[in-house]
Structure formats: C-alpha cells, structure tokens
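Here the structure is laid out as structure tokens; the discussion comes afterwards.
One-based numbering along the sequence shown. Please read all numbers here as calculations on a predicted model, not as lab measurements.
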Amino acid sequence: MKIEHSIIKHVSKTTGISEDDLEIFFKEGVEQSYAPNEWLFQESTPRKWAGIILSGDVSLVRGLHGSTKHIATMVEGSLISEGTFLEDGAHSNGAYTRSGAVIWQISREKIEQYRETKAEIFYRIVSRVAVGISRRMRVLSRQLYENRDEVQVISGFRLEHDSLGQREICDSSYYGVQTQRAMENFAISGVFVCNFDHLVEGLAMVKKAAALANNELGMLDEAKTKAICAACDELLEGKFHEHFTVDMFQGGAGTSTNMNANEVIANRGLELMGYRKGEYDQLHPNDHVNCSQSTNDAYPTAIKLAVLLSNRSLISAMEELREALGRKAVEFSDVLKMGRTENQDAVPMTLGQEFSAYAMMVESAIRAIERAAYEFLDINMGATAIGTGINSPAGYANLVTSKLAEVSGFELRRAKNLVEATQNAGTFVQMSATLKRAAVQISKICNDLRWMSSGPRCGLNEINLPAMQPGSSIMPGKVNPVIPELVNQICYQVMGYDAVVSMAAEASELELCMAEPIIAYDLLHGMMILKNACVTLASRCIAGIEANRDICRGYVENSIGLVTAMVPVIGYEKSAAIAKEALKTGGSVYELLLERKLVSKEELDEILRPENMTDPREIPNK
C-alpha cells in the first residue's frame with residue numbers, strides 16, 4: 001500500500017521537505033489504525049516510529065499526574081513523532097486520538113537504516129524537521145508566556161456573600177465565596193481537584209445531565225439550561241480546570257468540591273449569557289446549577305464517573321504490560337532454567353513459562369478490575385440529601401440517570417435503593433481491594449525481576465534488565481533495577497490506599513459517609529500512579545529484558561533439583577544417591593549421571609530439552 005500523493009503533497013507544503021524525498025523515505029512504511037480514545041504513545045516512553053496522519057486527528061498532551069495540558073491538535077497530513085529523526089530519546093508529550101486515526105508509520109530501525117544507506121536524503125529531511133520543531137517551539141513558548149501573563153493579571157474584585165457574610169473575590173476567578181472559604185479552611189496537601197481531570201469531567205457531566213432533566217421537568221428555563229450545558233461542555237473540553245482549587249483533603253463530605261463546580265459553572269454560564277461573574281440573580285450556583293441535587297448524590301456520582309473514566313486508561317496500560325510480558329514468554333520459550341520454591345531449587349521450567357505466568361497474572365487483574373467497575377454503573381442521582389429525593393420533582397431520579405447515561409456514554413443505572421446507595425460506600429471498597437490485588441500481583445512480578453537480574457557476578461544473573469541509569473554515587477559500574485524498584489513502591493502505595501479506603505468507608509454513619517473525599521483521592525490517585533507504573537514497566541523494563549541462556553542452563557545442569565526429573569528414569573534410590581554425592585562433593589549432577597553411566601549423554605540431553613522438561617511426557621523404561 002502507498003500513501004496518496006495528495007497527502008505527500010500536503011506534508012511537503014507544510015514542512016518544506018521535497019515530495020520526492022518523502023515518497024522515497026516513507027515508501028517502506030506501514031499503515032496503523034487507532035481506535036477512538038486510544039493512545040499512540042505515552043509521555044516519557046521511547047520513540048519507536050515517525051509517521052504521517054492519513055486520517056483523523058491526534059491530540060498532543062503533557063502531564064502524567066492527572067492534570068494534563070492540551071498542547072496541540074494534529075490533523076490529516078501532519079508529521080507526527082518526527083523527533084525520532086533527531087534522537088533516540090523519549091516522547092516529551094503523549095498523543096491520543098479522540099475519534100480514531102490512521103497513521104502511516106516508519107520504524108526507528110528503518111530510519112537508522114536510511115541514515116546509513118541514503119544519508120543525503122536522510123539529512124535533508126532532518127534539516128527540515130529541525131526547522132519545523134524549532135518553529136513549533138517558538139509558538140508554544142509564546143503561548144506559555146501569554147498564558148502566564150493572563151493568569152497573573154488582576155482585573156479587580158467582586159463582592160460575594162454566603163450565609164456567613166461577604167467576601168472579596170478576585171474577578172479573574174471563576175470560583176466564588178464558598179470555594180474561597182474552602183481554600184482557606186483546607187490548605188492541607190496542595191493537591192487540588194484540578195489535579196484530577198476526570199473528577200472535573202465527572203462533575204461537569206453530572207451538572208449537565210441535571211440541567212437537562214430539570215429543563216425537561218420545567219424546573220429550569222431554556223436560557224439557563226443552555227448556559228449551564230455550554231459551560232459544562234467547555235469543562236469537558238479541558239477548559240477552566242485551573243479554577244477547581246479546593247484541596248482534595250476536605251471536610252464536609254465533598255460539599256466544597258460540589259460548590260466549587262457549581263460556582264465555576266455558574267460564573268462561566270453568566271459570561272456566556274452576557275452577564276458579569278457574580279451576577280447570581282441571573283444564574284445561581286445553588287438555585288440553578290445545583291437544582292434538584294445535593295452534594296450527597298452529585299459528588300459520589302461524579303467520583304464514580306471519574307473512576308470509570310480513569311479505568312479506561314488503567315486497563316489500556318495494563319493490557320500493554322500484559323502484551324509485553326506475553327512477547328517475552330514467546331521469546332524465552334526455549335530457555336531452560338530452574339524453578340524455585342521457598343527460594344530453594346525445585347524442578348526445571350522455561351523462562352518463557354515464567355513470563356507467561358506473569359502475563360496471566362496481569363490478565364486476571366484486568367478482568368477483576370473490569371468486574372469491579374461494573375458496579376460503578378449504579379448511581380444515586382435523585383437521592384438528594386439522604387436518599388428520599390427531597391427538593392427534586394417527580395420522575396427526576398429516573399430522568400437524570402437517563403440523561404447522565406447519554407452525556408457520559410456509560411450504561412448507568414439508578415440504584416435500587418437510594419437511601420442505601422447514599423450511605424453505603426461498599427462499591428468503592430470493592431474497587432480499592434481489586435486495585436490492591438492488581439498491585440500485589442504486579443509487585444510480585446517486580447520482586448522476581450529483581451531477584452532474577454541480581455548480580456551480575458554474585459547473584460542469580462538469569463536475566464539482564466535494560467540499564468537505565470548509573471546505580472551508585474560511590475560504586476563505579478553499578479546499575480540498579482530502578483524501574484522494578486519504582487513500581488514496587490507504587491504498588492505499596494496502592495496497597496496502603498486500600499487500607500485508608502476501607503477505614504473511610506467503614507466510617508459511614510447513619511445516612512452518609514463523610515469520608516468520601518479521601519476515598520476519591522486514594523482511588524483516583526492510586527489508579528493514576530498504577531497506570532503510569534504499568535506504562536513505565538512495560539516500555540522501560542520488560543521490553544528490553546534479555547535472557548542469560550548459558551547461566552540459566554548451567555543452573556539446571558548443576559542443580560540438585562535435576563535429580564527429581566531423573567526419578568522416573570533411574571529410580572528414587574539412585575537419584576537420591578546422586579543428590580547426596582553432589583551435595584557432598586559439590587559436583588555437577590549432570591556430570592555425575594554420565595560418570596555413573598546411569599544414562600547416556602544423548603539420553604540426558606534429550607531429557608533436558610525444554611519441551612521435555614516442562615511438559616508431561618512418556619518416560620522410557622529402564
């Protein structure tokens with residue numbers, strides 16, 4: 001398959017690279033399709049290809065820590081990941097497609113071949129790529145500078161009041177007086193709601209669905225509904241997240257977060273209606289944005305949506321890890337090694353079987369998380385304060401659930417008992433426990449990787465992990481297993497979060513769980529760091545593992561455990577005698593078997609073939 005010439009022509013026009021050079025260079029590429037919401041590459045992962053967007057669009061984003069920044073949108077005919085031409089480094093941004101995309105890709109290996117075989121063409125392309133990247137950096141730098149200035153400009157103050165009195169609010173802020181009080185009361189962690197994009201998106205979905213339902217039931221007029229929905233849509237596009245300034249650690253069972261959302265949406269809605277921020281007689285945070293709601297149904301529902309959204313990214317990252325382990329299982333299928341139980345020699349197996357088991361561990365964790373996420377589709381919208389639906393119109397609970405399903409794209413269901421659903425945090429406990437299970441399994445894999453790569457001279461040294469950085473400030477040449485160590489620590493954190501979620505859920509008293517804010521933080525932060533851990537482990541460790549085949553086989557030939565495999569061939573007594581002598585003299589079991597003429601070398605080598613050592617087989621009678 002070839003790229004259409006019209007695409008080549010467009011790329012040539014925008015980059016300055018000649019059409020002939022592009023045709024020659026990309027003719028050995030391949031077409032790769034990406035589904036909606038699929039990542040093309042993650043920030044900090046190694047560059048593997050350069051490409052041209054044939055169809056669809058790709059969003060470039062930066063930020064691994066929950067609050068991502070949209071850098072640019074790339075469309076048909078754009079070069080993407082062209083930095084691969086310049087260096088063998090890591091991606092400075094992540095890239096995903098909202099609606100799907102088709103990319104014509106040429107691998108880093110092919111690019112390196114062109115460097116050697118077609119140097120003149122290669123360096124002509126490189127020169128134009130460098131110019132393009134420099135131009136883009138100037139634009140981005142100007143945008144960052146201009147945005148910084150906008151944030152710093154103070155345009156005056158407005159007076160807002162609540163039941164406790166009046167406060168001055170900076171007029172450039174979209175939040176209001178209740179958010180301002182919460183910022184002062186809860187200056188705890190420095191981790192704000194805006195650090196979790198999915199939580200902001202969940203709040204926006206809830207408020208939009210509520211506005212649509214209230215409008216249909218005659219509780220909200222068309223102009224107010226339109227303004228609220230438009231403001232929510234902007235939040236869903238990633239705008240105004242920086243105004244969600246309440247600390248994730250807060251009292252009030254999430255009331256401050258809910259009011260933060262109500263105030264931002266109201267003030268942005270007022271602007272869209274042609275009014276000034278704070279003119280709440282036209283669009284009020286409580287009366288209109290929070291109409292037919294309470295924090296006690298809006299906030300937990302937003303958390304559930306945030307978890308469901310986060311779950312997509314987590315599952316995708318875990319699938320990448322599973323696939324990376326599966327590829328190593330195939331690559332190492334012929335590497336014979338010793339299995340170990342209780343850190344003692346057991347019986348032979350293949351390194352491929354070991355990695356296949358790891359892949360299955362991750363697979364089982366994925367399935368468990370998907371099952372736990374299913375329960376998050378039950379929501380308590382319409383419960384209002386305690387589940388009785390006070391201050392909401394007849395039919396609202398069913399209608400808002402239906403609207404929220406449309407807005408979110410999830411098949412949401414109204415909880416069977418709204419009183420129970422408002423006070424019972426068991427669903428969060430189930431997800432937290434399932435995340436802990438995944439963390440335990442992934443951490444176990446990392447433990448094994450560190451053991452198997454230990455050495456290189458005085459450890460097991462069965463595998464080599466890719467060297468990522470110097471390992472010591474005092475010991476020259478030392479290289480540590482830093483990626484498995486990192487992932488271990490992340491898994492410990494997720495396990496610890498589970499204990500906190502359990503205590504917070506248990507703290508539910510009478511009709512409400514007051515500790516939902518810490519549940520939200522631990523679940524969302526835990527899912528985020530576990531997702532990043534899986535991406536890092538797969539790309540910066542698993543993909544580069546190499547087997548020390550001779551060392552692995554040497555352990556088998558010298559291991560006392562080898563005699564277990566010989567019991568069906570020479571009998572238990574002779575096997576025990578060989579084991580005893582090997583232990584006494586330090587001799588090789590392999591050599592002792594040959595010296596005693598208990599089996600021929602041909603027979604022993606046949607027994608030691610990986611496929612014979614690791615699966616049930618017929619044993620010849622002696």
Side-chain angles (χ1 to χ4, degrees), residues 318 320-365 438-472 475 477-492 533-562 564-565 588-590 608 610-611 613-615:
M318 291 180 70
E320 288 182 24
L321 176 59
R322 178 199 62 198
E323 290 166 6
L325 291 165
R327 287 190 291 271
K328 288 300 172 181
V330 174
E331 180 183 342
F332 300 151
S333 61
D334 62 338
V335 180
L336 193 64
K337 62 159 285 179
M338 281 304 297
R340 297 178 180 86
T341 57
E342 300 175 83
N343 285 339
Q344 304 297 305
D345 299 351
V347 296
M349 64 185 302
T350 65
L351 190 58
Q353 285 179 310
E354 201 142 40
F355 276 80
S356 176
Y358 299 153
M360 185 52 64
M361 285 183 203
V362 176
E363 170 70 21
S364 69
V440 167
Q441 290 169 300
I442 292 169
S443 189
K444 180 266 190 293
I445 293 168
C446 290
N447 292 341
D448 288 1
L449 295 177
R450 290 191 295 117
W451 270 112
M452 288 190 288
S453 65
S454 61
R457 297 292 177 86
C458 302
L460 295 180
N461 196 27
E462 291 181 337
I463 61 174
N464 294 326
L465 304 183
M468 303 308 297
Q469 62 188 62
S472 174
M475 293 172 280
K478 191 171 186 287
V479 178
N480 296 328
V482 292
I483 301 302
E485 289 173 346
L486 162 71
V487 175
N488 276 134
Q489 294 172 76
I490 291 169
C491 291
Y492 303 155
C534 289
V535 170
T536 301
L537 183 60
S539 65
R540 292 189 168 271
C541 180
I542 305 299
I545 291 176
E546 298 174 343
N548 291 325
R549 294 168 178 266
D550 292 340
I551 289 175
C552 287
R553 185 177 178 90
Y555 285 144
V556 173
E557 293 182 355
N558 288 290
S559 173
I560 304 302
L562 176 57
T564 302
S588 162
V589 171
Y590 184 92
L608 287 176
E611 57 268 33
M613 289 298 291
T614 57
D615 288 303

Within 45° cone of Y555 ring axis and under 6.0 Å: R340 NZ or CZ: yes
Kindly compute the distance separating [atom1] ([X]) from [atom2] ([Y]), expressed to the nearest 0.5 Å.
X    : Y    : atom1 : atom2 : result
L351 : I463 : CG    : CD1   : 7.0 Å
D448 : R450 : CG    : CZ    : 9.5 Å
Q441 : M318 : CD    : CE    : 7.5 Å
I545 : F355 : CD1   : CZ    : 4.0 Å
T536 : E320 : OG1   : CD    : 10.5 Å
K444 : Y358 : NZ    : OH    : 5.0 Å

Quick one, [X] and [Y] - any side-chain contact, counting heavy atoms below 4.5 Å?
X    : Y    : answer
P481 : L449 : no
T350 : S333 : no
M452 : E354 : yes
C446 : C491 : no
K337 : M349 : yes

Whether [X] side chain and [Y] backbone form a donor-acceptor pair below 3.5 Å:
X    : Y    : value
K328 : G352 : no
Q489 : E485 : yes
N558 : G554 : yes
N488 : S443 : yes
S364 : M361 : yes
S559 : D345 : no
S454 : W451 : yes

Compare every heavy atom of [Y] with every heavy atom of [X], then report the nearest pair and how far apart it is.
X    : Y    : value
E557 : S588 : O-OG, 3.4 Å
I490 : A533 : CD1-CB, 3.6 Å
N548 : N464 : OD1-ND2, 3.0 Å
N461 : P456 : ND2-O, 3.1 Å

Flag for E462-S453: side-chain donor and acceptor within less than 3.5 Å: no
E331/R327 under salt bridge (charged side-chain N to carboxylate O under 4.0 Å, His left out): CA gap, chis, key distance, verdict: CA-CA 6 Å; E331 180 183 342; R327 287 190 291 271; over 6 Å; no
Residue that, paired with L537, satisfies side chain to side chain contact (heavy atoms under 4.5 Å, CB included) out of V362, L486, L325, I542: I542
Stepwise side chain to side chain contact (heavy atoms under 4.5 Å, CB included) check, C552 with L336: CA-CA 6 Å; C552 287; L336 193 64; over 6 Å; no
